[in-house]
Amino acid sequence: SIMLFLASALCVLLIALVNLGNLMLLRTLSRRHDAIVRHALGAPAWRLALPACAEGLLVGAGGAIAGLGLAAIGLSLFGGYVPAEWTLGQSLHMPRAVALLALAIAVPGALAAAAFGAWRGLATASVQEALHEGGRSAGRRSGRLGRGLVMAQMALATCLMCGAGLFLHALYDAARTPLGFASDHILTFDLAPVHGDNPHASSRDLVQRLLQSLHAVAGVDRVTVTNGLPAGGFEQQFNMGGVHLPGRDYLHPSPQIRGVSGEFFAVFHIPVREGRSFDATDVAGAEPVAIVNQTLADQQYGGHAVGKEIVVNDYSGYPVGKTVADDPTMHPVTARIVGVVGDTRQFGPLDSLKRGFLYLPLAQMPEHIVHVFRSYQPLRFAVRVHGDPNRYRQAIHAAVAAVAPEQPIATVSTMDDIVRATTGDTRRDMFLIGLFALVALGLAAAGMYAVMTVAVAARAREFGVRMALGAPPLGMVRLVLRGAMAQIAMGALLGVGLTLALSRVLGAVLEEIGRSVFDPYALAGVCAVLTLAGLLACLVPALRAARVPPMHALRGE
């Protein structure tokens, strides 16, 4: 995402520089007749370009200082509203290096734009042609250059907005994508059992007493304990390795292993697709059982896993292709699959990777496998309640203290908060890219407005003559808008083409969230927004052209 932000910022910077170059060109062209006269009288070219360069220096330095001031004010006013996970817990401030970088980019960029405008303004025509025009127009070649710069602005803005539109469309679709489980009305907390000389036996006993105590809390519907919740970051993953089908090699990639209590699927409303869930008969001493998710059932059992067997060892990191016979000291546990449950999206709605999950009842798991679990992760309790789960925090603490007064618990949180935190980075990326796209759209619209304003002023005599000959005001509006919309359409087409040309770069990012660059809805939406913005930007100059008094325009002759 860092490279994506840098590319977006670079695109906005290019739009700003093109906009500034266009405005400086128009500014120079407005003084072109005076400069040509001075040049005809013997003034050197560097002296003619000096006012434009000084103006560019003032614009660059003043704009950078004003921008840094606005950024500092914005950080002080709105910095407290930025989620802590977006800033990694650090306070927002304006580093000195950022200020120096802004000045180092703005001042040379503005000087280059001013120098380009001055050079192009003086090189667009001969002295005789400029004196013949009498300062009434900017020249055909200058007009073509201005229109070309406008199309370049629109192309860059279209490219950036297409990228943002693709990501925003993916986020919109993801918001409606089911996670495979329900996160509402669930309060979770972590617990690492610390009592007893025998940690395995004491952990089992403590867990059972905690489940009974939590069940007794008024308003609690169901309670479960697991080594990993169905959503969360990488800390929720557990891949022990050493999982295989009887007589076959170890599965690669190995499925995620979840040790759960009996009500796990009921707490999270994970649907049972086939077979049954765990029940009270799945205890130590009974036949070992397991439940797999639909992905694992499809990958290894052709969709029919119930009644089949799966083997779990306590070794982590088996290489691909190694078999059970390679290590006879293993302690395999062969479990019969009694159910198939639906898939869950562990990393939120944008998680498109198909992962196999193997669920084992904690009550049946051998002590050596429980020890492996405990060495990596705490036990995670999930309590489904009636009403707002935050209202049960004190009751949950009291229920744990009643069973084990010295037992600490940690990370008490609602499941909804965990899901929001899981997608926090994605939402931040979407917000920042969307913000860059809005800035690009604003810059492109401002550049279009400035160019059309100057173009209308330069063609005031032409419009006056047309209206004196009977052309209606509405015809002048259509004339201006027709030319403007042609530039917008060409810029949008170039931008879409640039986006498709960069499909490999965008596709590498979009494939991670299951999207494609060839999204007609997003591309059409971006073109529609750009067309509307350009139309609004050109509407005022077009109306101004319709109000040009014919006698005022002809008086210059």
Where do A110 and G56 come nearest, in terms of heavy atoms and distance?
-> CB-O, 3.2 Å

So CZ of R345 and CZ of R355: to nearest 0.5 Å the spacing works out to 10.5 Å

Does A471 offer a backbone N or O that forms a donor-acceptor pair with the side chain of R466 under 3.5 Å?
-> no

The reported gap from CD1 in I418 to OG in S183 (rounded to nearest 0.5 angstrom) is 9.5 Å

The reported gap from OG1 in T344 to CZ in R258 (rounded to nearest 0.5 angstrom) is 7.5 Å

Hey, does the side chain of N293 reach the backbone of F357 with a donor-acceptor pair shorter than 3.5 angstrom?
-> yes

Where do V526 and L530 land on the side chain to side chain contact (heavy atoms under 4.5 Å, CB included) test, with the steps shown first?
-> CA-CA 6 Å; V526 167; L530 280 170; 4.0 Å; yes

So do the side chains of M415 and L187 get within less than 4.5 Å of each other, counting heavy atoms only?
-> no

Would you indicate whether the side-chain heavy atoms of T531 and M485 approach each other to under 4.5 Å?
-> yes

Nearest heavy atoms of T158 and G491, plus distance in Å | OG1-O, 4.0 Å

Value rounded to 0.5 Å, distance of CG in L111 from CG in L57 | 5.0 Å

Gap between atom CG of D388 and atom CZ of R393 - 0.5 Å precision | 9.0 Å

Heavy-atom side-chain contact between D190 and I409 under 4.5 Å = no

Less than 4.5 Å apart, any side-chain heavy atom of F268 and any of L179?
-> no

R482 CZ to C538 SG distance, which is reported to the nearest 0.5 Å = 13.5 Å

Which pair of non-hydrogen atoms, one from V477 and one from A546, has the smallest distance, and what is that distance?
-> CG2-CB, 3.7 Å

Just by distance, do the side chain of D343 and the backbone of T295 share a donor-acceptor pair under 3.5 Å?
-> yes

Residues L229, T226; criterion side chain to side chain contact (heavy atoms under 4.5 Å, CB included); working and verdict | CA-CA 7 Å; L229 299 172; T226 176; 4.1 Å; yes

Heavy atoms of L103 and A64 approach each other most closely as CD2-CB, 3.6 Å

Measure across G342 and I270 and return the closest heavy-atom pair with its distance rounded to 0.1 Å.
-> O-CG2, 3.9 Å

Looking at side-chain heavy atoms only, is the closest gap between T188 and V412 below 4.5 Å?
-> no

Would you say M467 and P473 make side-chain contact, with heavy atoms under 4.5 Å?
-> yes

